[in-house]
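Notes to accompany the following structure.
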Amino acid sequence: MANRYVINLNVSFKDKYQIKSDDGQIISRIHSNNGIDFLNTFLGWLIEIPETFTIQLNNQTLQVKSRFKILGSVFQLFYNQQLIATVTKKRGRSPFSIVVNQQPYQLQLTSNGTYFAISTSGQKILVAKRGEWDLDKYSVVIDDQLDNLVGLGLALAILNGFKH
């Protein structure tokens with residue numbers, strides 16, 4: 001059984017992201033870092049200014065930290081202060097690499113940027129599709145093989161990486 005969430009981007013000056021359950025209830029908010037967000041939007045293609053955001057779901061916390069990087073970006077996911085995943089964005093044909101608990105995952109992107117999926121052993125474990133009418137809204141489906149909190153963290157790291 002898969003779980004479905006909705007991620008709203010650029011919600012307001014206060015909230016950078018909102019994560020909603022399938023029934024529309026807000027379950028987590030990621031607050032904006034206005035100065036850092038502004039600089040990363042315009043200079044992120046050249047240099048990534050580090051930032052950290054925290055996702056809370058079912059009394060559990062996951063931190064997504066970006067690292068200083070030139071011509072790319074690196075996002076690390078920490079669960080209970082332990083590094084569990086790394087998402088690296090670089091220039092080139094396959095711009096993202098994903099490693100979760102030392103296991104590499106495949107990322108499939110469409111050419112128009114409206115869809116991405118993370119797969120392992122040929123099976124999709126996370127799928128995110130951009131809204132047709134609301135372009136700042138992504139519908140995210142996470143398979144039971146992947147922890148929901150980790151899946152949401154991976155989705156946010158990839159969505160944040162798209163901007164740079």
Side-chain angles (χ1 to χ4, degrees), residues 1-37 40 44 48-69 72-89 96-109 115-131 134 136-164:
M1 187 74 183
N3 296 303
R4 184 171 178 246
Y5 298 93
V6 174
I7 298 176
N8 288 329
L9 314 174
N10 304 320
V11 181
S12 66
F13 284 113
K14 185 179 177 188
D15 290 338
K16 180 175 184 172
Y17 302 111
Q18 285 182 353
I19 302 171
K20 296 181 180 181
S21 62
D22 197 22
D23 61 0
Q25 297 291 327
I26 296 175
I27 57 174
S28 189
R29 296 172 189 254
I30 290 92
H31 297 292
S32 293
N33 296 320
N34 292 323
I36 293 172
D37 291 337
N40 280 340
E48 171 78 17
I49 298 172
E51 67 177 315
T52 300
F53 46 91
T54 303
I55 307 165
Q56 294 181 337
L57 181 67
N58 299 330
N59 296 324
Q60 297 178 355
T61 302
L62 179 83
Q63 283 189 320
V64 180
K65 296 181 180 184
S66 66
R67 298 289 179 209
F68 179 80
K69 181 130 173 86
S73 57
V74 175
F75 298 92
Q76 295 178 315
L77 281 65
F78 291 88
Y79 188 73
N80 294 331
Q81 285 123 13
Q82 290 186 351
L83 177 65
I84 59 162
T86 303
V87 177
T88 305
K89 181 181 183 232
F96 288 93
S97 73
I98 300 169
V99 177
V100 179
N101 295 328
Q102 287 86 39
Q103 179 181 355
Y105 283 68
Q106 297 292 321
L107 177 67
Q108 301 169 346
L109 297 168
Y115 169 89
F116 65 87
I118 299 174
S119 304
T120 182
S121 303
Q123 181 180 356
K124 293 178 183 175
I125 58 171
L126 184 144
V127 175
K129 185 175 186 321
R130 190 177 199 176
D134 186 353
D136 286 338
K137 183 185 223 179
Y138 278 80
S139 177
V140 178
V141 178
I142 302 170
D143 189 74
D144 286 341
Q145 290 184 43
L146 184 63
D147 182 78
N148 289 329
L149 195 56
V150 174
L152 289 169
L154 291 171
L156 288 174
I158 293 166
L159 290 171
N160 207 46
F162 280 153
K163 295 191 313 185
H164 311 304

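Predicted model, so just to flag it, every value in this text is computed and none were measured.
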| said: Let's go through N33 and K16 carefully: what are the C-alpha distance in whole Å and the side-chain angles of both, what is the deciding distance for side-chain contact (heavy atoms from CB on, under 4.5 Å) to 0.1 Å, and is it a yes or a no? | reply: CA-CA 8 Å; N33 296 320; K16 180 175 184 172; 6.0 Å; no
Shortest non-hydrogen pair, I118 vs L107, comes out as CG1-CD1, 3.8 Å
Between the OG1 atom in T61 and the OH atom in Y79, the distance rounded to the nearest 0.5 Å is 8.5 Å
Apply the test side-chain contact (heavy atoms from CB on, under 4.5 Å) to residues I27 and S21: give CA-CA distance (whole Å), side-chain angles for both, the deciding distance (0.1 Å), then the verdict.
CA-CA 6 Å; I27 57 174; S21 62; 4.1 Å; yes
Main-chain N/O of Q82 paired to N80 side chain as donor or acceptor, under 3.5 Å:
no
Quiz item: Is the shortest heavy-atom distance from the side chain of H31 to the side chain of D15 under 4.5 Å?
Solution: yes
Distance col, row N8:CG vs K137:NZ, nearest 0.5 angstrom, shows 6.0 Å
Separation between CZ (R4) and CG (D23), nearest 0.5 Å, reads 10.5 Å
message: Does any part of the side chain of P50, heavy atoms only, come nearer than 4.5 Å to the side chain of K65, both counted from C-beta?
response: no
Separation between NZ (K89) and NZ (K69), nearest 0.5 Å, reads 11.5 Å
**Asked** So do L9 and Y17 actually touch side chain to side chain, heavy atoms under 4.5 Å?
**Response** yes
message: I want to check something: taking the side chain as every heavy atom from C-beta on, are D143 and K124 in contact at a cut-off of under 4.5 Å?
response: no
Of all heavy-atom pairs linking L62 and G153, the shortest is CD2-CA, 3.7 Å
- Query: Does atom CG of D144 have more than 12 heavy-atom neighbours, drawn from other residues, nucleotides or ligands, at distances under 6.0 Å?
  - Reply: yes
Test log, rule side-chain contact (heavy atoms from CB on, under 4.5 Å), inputs F75 and L154: CA-CA 9 Å; F75 298 92; L154 291 171; over 6 Å; no
CD (Q76) with more than 12 external heavy atoms under 6.0 Å: yes
**Asked** Got I19 and I30 here, is their nearest side-chain heavy-atom distance under 4.5 Å?
**Response** yes
Interatomic distance, CD@Q103 vs CG@N101, rounded to 0.5 Å, equals 8.5 Å
Next item on the list: Return yes if some donor-acceptor pair links the side-chain N/O of T88 with the main-chain N/O of V74 below 3.5 Å, else return no.
Entry: no
Taking every heavy atom of G151 against every heavy atom of L126, the minimum-distance pair comes out as O-CD1, 3.1 Å
*Any donor-acceptor pair under 3.5 Å linking the side chain of S139 with the backbone of K129?*
no
Fill in: Validation row: I158, I98 side chains within 4.5 angstrom (heavy atoms)
yes
Interatomic distance, CD1@I84 vs CG@L149, rounded to 0.5 Å, equals 7.5 Å
task: Answer whether the closest heavy-atom distance between the side chains of F53 and N160 falls below 4.5 Å.
output: yes
Q) Do Y5 and N148 have side-chain atoms, one donor and one acceptor, less than 3.5 Å apart? A) yes
Any side-chain heavy atom of L77 sitting closer than 4.5 Å to one from V100?
no
